[in-house]
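Below is one structure; the comments refer to it alone.
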Amino acid sequence: MNGRYEGRVALVTGAAGGLGRATARRLAAEGARVACLDLDSDDAGLGAAGLALAVDVRDETALGAAVDRVVTWGGGLDRW
């Protein structure tokens, strides 16, 4: 891949399967560090490029804590 997301930090919900997993893998393949949020703690097979967090995104408090964790882990969170 071309590395167009090199140095960026992404957060993907539903990353344990389906489109979320595919999105997380593609972002990582293009250089992003990817936080994978799902009810199941699964890093989508990303290893060191991924952070797996088990969170119910319908729970505002839990989601806020997860975002804080991602920012700490990745040194920020990119928006694009």
Side-chain angles (χ1 to χ4, degrees):
M1 295 288 152
N2 65 13
R4 67 179 162 167
Y5 299 123
E6 192 69 39
R8 292 192 173 196
V9 178
L11 184 153
V12 177
T13 61
L19 290 174
R21 186 178 191 89
T23 300
R25 286 182 169 182
R26 180 60 183 256
L27 288 167
E30 294 194 25
R33 296 179 71 203
V34 184
C36 301
L37 276 60
D38 204 296
L39 291 173
D40 297 319
S41 180
D42 184 328
D43 71 358
L46 302 180
L51 170 69
L53 297 173
V55 63
D56 183 345
V57 297
R58 298 171 297 180
D59 179 340
E60 189 174 333
T61 301
L63 181 58
V67 170
D68 288 345
R69 173 70 179 101
V70 172
V71 169
T72 298
W73 169 76
L77 184 58
D78 289 287
R79 183 171 164 184
W80 69 93

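Side-chain atoms are counted along with the backbone in the values below, which use heavy atoms only and exclude waters and symmetry mates.
- To the nearest 0.5 Å, atoms CZ (Arg33) and CG (Leu77) are separated by 11.5 Å.
- A donor-acceptor pair under 3.5 Å is formed between the side chain of Arg25 and the backbone N or O of Ala44.
- The only option from Val71, Asp78, Val34 that meets the side-chain contact (heavy atoms from CB on, under 4.5 Å) definition with Val9 turns out to be Asp78.
- When hydrophobic clusters are built by joining Ile, Leu, Val, Met, Phe, Trp and Tyr residues whose side-chain heavy atoms come closer than 4.5 Å, directly or via intermediates, Val12 is grouped together with Tyr5.
- Heavy-atom minimum distance, Asp38 versus Ala15: OD2-N, 3.3 Å.
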N/O donor-acceptor pairs under 3.5 Å from side chains in residues 51-65, not counting sequence neighbours:
| from | atom 1 | to | atom 2 | distance (Å) |
| --- | --- | --- | --- | --- |
| Asp56 | OD1 | Arg58 | N | 3.0 |
| Asp56 | OD1 | Arg58 | NE | 2.9 |
| Asp56 | OD2 | Arg58 | NE | 3.4 |
| Asp56 | OD2 | Arg58 | NH2 | 2.9 |
| Asp59 | OD1 | Thr61 | N | 3.1 |
| Asp59 | OD1 | Ala62 | N | 3.1 |

